[in-house]
Amino acid sequence: RVGILAATGSAAATAISALLLGLNASSEGLARYTEARTLGKEVGMPAACLVAALLLASLLPCHVRLASALPRLGAVLAITAGLSVLSQRSSFLASAGGMLVGFALAIPRVQARHRRWIALALVATLGTVGVASALNPRIVDWVGRVRTAVDSQEFSSRTWNDVTAVRGPLAEIALEMARDRPVLGYGSRGVAAECTQRCERRLREDGDAAAPFQSIPGHVTSHNFLLDELCMRGSIGLALILALVTILAKRSIRDPGSTACAAMLAAWVIYGFADAATGRGTHIAILAIVVARCAWIEASGAAGQA
């Protein structure tokens, strides 16, 4: 029933995107990111759902008929507009990465005469993401800060904090925690307490040199799923999540229905390097969809061999 579920998800994402545009439109333009209203949810949650819906709408097979192509095109455009309102950098990267994986896996599956159209679709999709990224104020600002840091060749702790949007200091805290408890970690809520205590100690001991750590006390994750697993659940948790992702990658590539499953996994992993992918229910729910699909792929393969 993947087609029905994907169609339902795409329709829901289209409706949510339309609501986002309506809620955030004003005479001064569209509100973006932290100012955007998102139906009571944190920006990252609807953004992750929209990325998954975008990949499904773009990559699931369809008949080349106007009656089916136009609704899907409308869904893709609406969802892209919704993501533009949410203005998350990780959403653009996850979308582009997922599309790249999905289309790259699709090219050898189709007949040779159709491959050029798949390649053109990939170029067009990545071009659209590139243009949307270039028009995204947060991405433009971030690229400018990275360029300034490279040109000045200044890579101080303060610059690292600015370029990584506090993820640099969070990574330092997570690695410090992992060093202290390498096997079992500090538990699923360990970062919140430890981050505050360790930042306060750094500020007392290092003074102005610890300025990058002023803004992160109270953070509940390191905003990186590998570091989260390492510092919260230790090397055991890290090994388990890596094993899961590896198994899902092998199964999703063999999906006979489409390349959307592999694309969703790729997007999830990309999200995981910038967000709390194993610490938020929305991201875990998206991963659960991939797990369920891969379980079906495995069961179908076993049944075919029998």
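Numbering of residues begins at 1 and proceeds along the displayed sequence. Keep in mind the model is a prediction, meaning the values are calculated, not measured.
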Legend entry - Close side-chain approach of M177 to R198, heavy-atom, < 4.5 Å: yes
Legend entry - For the student: nearest non-hydrogen atoms of G98 and A266, plus distance: CA-CB, 4.4 Å
Legend entry - Between CD1 on residue I253 and OG1 on residue T259, distance to nearest 0.5 Å: 10.5 Å
Inset, instruction - Applying side chain to side chain contact (heavy atoms under 4.5 Å, CB included), run through L248 and R293 and close with a yes or a no. - result: CA-CA 9 Å; L248 293 177; R293 179 66 178 175; over 6 Å; no
Legend entry - Co-membership, hydrophobic cluster, residues V51 and L100, 4.5 Å side-chain: yes
Legend entry - Main-chain N/O of L226 paired with N224 side-chain donor or acceptor, under 3.5 Å: yes
Legend entry - Check: N24 side chain, L20 main-chain N or O, donor-acceptor pair, under 3.5 Å: yes
Legend entry - R201 CZ to E176 CD distance, which is reported to the nearest 0.5 Å: 5.5 Å
Legend entry - hydrophobic_cluster_shared for Y271 and V245, side chain cutoff 4.5 Å: yes
Legend entry - L50 side chain near S91 side chain, heavy-atom distance below 4.5 Å: no
Inset, instruction - List the steps and the verdict of side chain to side chain contact (heavy atoms under 4.5 Å, CB included) for R280 and E42. - result: CA-CA 11 Å; R280 287 180 173 172; E42 183 184 342; 2.8 Å; yes
Inset, instruction - Over all heavy atoms of both residues, which pair between I241 and E229 is shortest? Give the atoms and the distance, please. - result: CG2-CG, 3.8 Å
Legend entry - Closest non-hydrogen atom pair between A174 and L227, with its separation: CB-CB, 4.0 Å
Legend entry - Heavy-atom check, side chain of L170 versus side chain of C195, under 4.5 Å: yes
Inset, instruction - Give, for atom CG of L5 and atom OG of S10, the distance between the pair rounded to the nearest 0.5 Å. - result: 10.5 Å
Inset, instruction - Report yes if the side chains of S235 and P182 come closer than 4.5 Å at any heavy-atom pair, otherwise no. - result: no
Inset, instruction - Over all heavy atoms of both residues, which pair between V101 and A262 is shortest? Give the atoms and the distance, please. - result: CG1-O, 4.1 Å
Legend entry - Joint hydrophobic cluster, I297 plus L105, side-chain heavy atoms closer than 4.5 Å: no
Legend entry - N-O pairing of E194 and R181 below 4.0 Å: no
Legend entry - Spatial distance of atom CG (L175) from atom SG (C231) [nearest 0.5 Å]: 8.5 Å
Inset, instruction - For the residue pair S258 and L59, establish whether any side-chain heavy-atom pair is separated by less than 4.5 Å. - result: no
Legend entry - Cluster link M264 to L244, ILVMFWY, side chain under 4.5 Å: yes
Inset, instruction - Can you measure from CH2 (W268) to CG (D275) and round to the nearest 0.5 angstrom? - result: 10.5 Å
Inset, instruction - For R233 and S188, work out which heavy atoms get closest and say how close. - result: NH1-CB, 3.4 Å
Inset, instruction - For R189, look at atom CZ and say whether over 12 heavy atoms of other residues, nucleotides or ligands are found less than 6.0 Å away. - result: no
Inset, instruction - Give, for atom CZ of F225 and atom CG of L238, the distance between the pair rounded to the nearest 0.5 Å. - result: 8.5 Å
Legend entry - Closest non-hydrogen atom pair, H283 against G44: CE1-O, 4.2 Å
Inset, instruction - With the side chain counted from C-beta on, respond yes when R167 and F273 share a heavy-atom pair under 4.5 Å apart, and no when they do not. - result: no
Inset, instruction - Pick out which of L54, L55, I270, T80 makes a side-chain contact (heavy atoms from CB on, under 4.5 Å) with S95. - result: L54
Legend entry - Residue pair V191, S222: steps toward the side chain to side chain contact (heavy atoms under 4.5 Å, CB included) verdict: CA-CA 7 Å; V191 173; S222 68; 5.5 Å; no
Legend entry - From CA spacing to verdict: side chain to side chain contact (heavy atoms under 4.5 Å, CB included), T221, T278: CA-CA 10 Å; T221 80; T278 57; over 6 Å; no
Legend entry - Same cluster (ILVMFWY, side-chain, under 4.5 Å), V183 and L240: yes
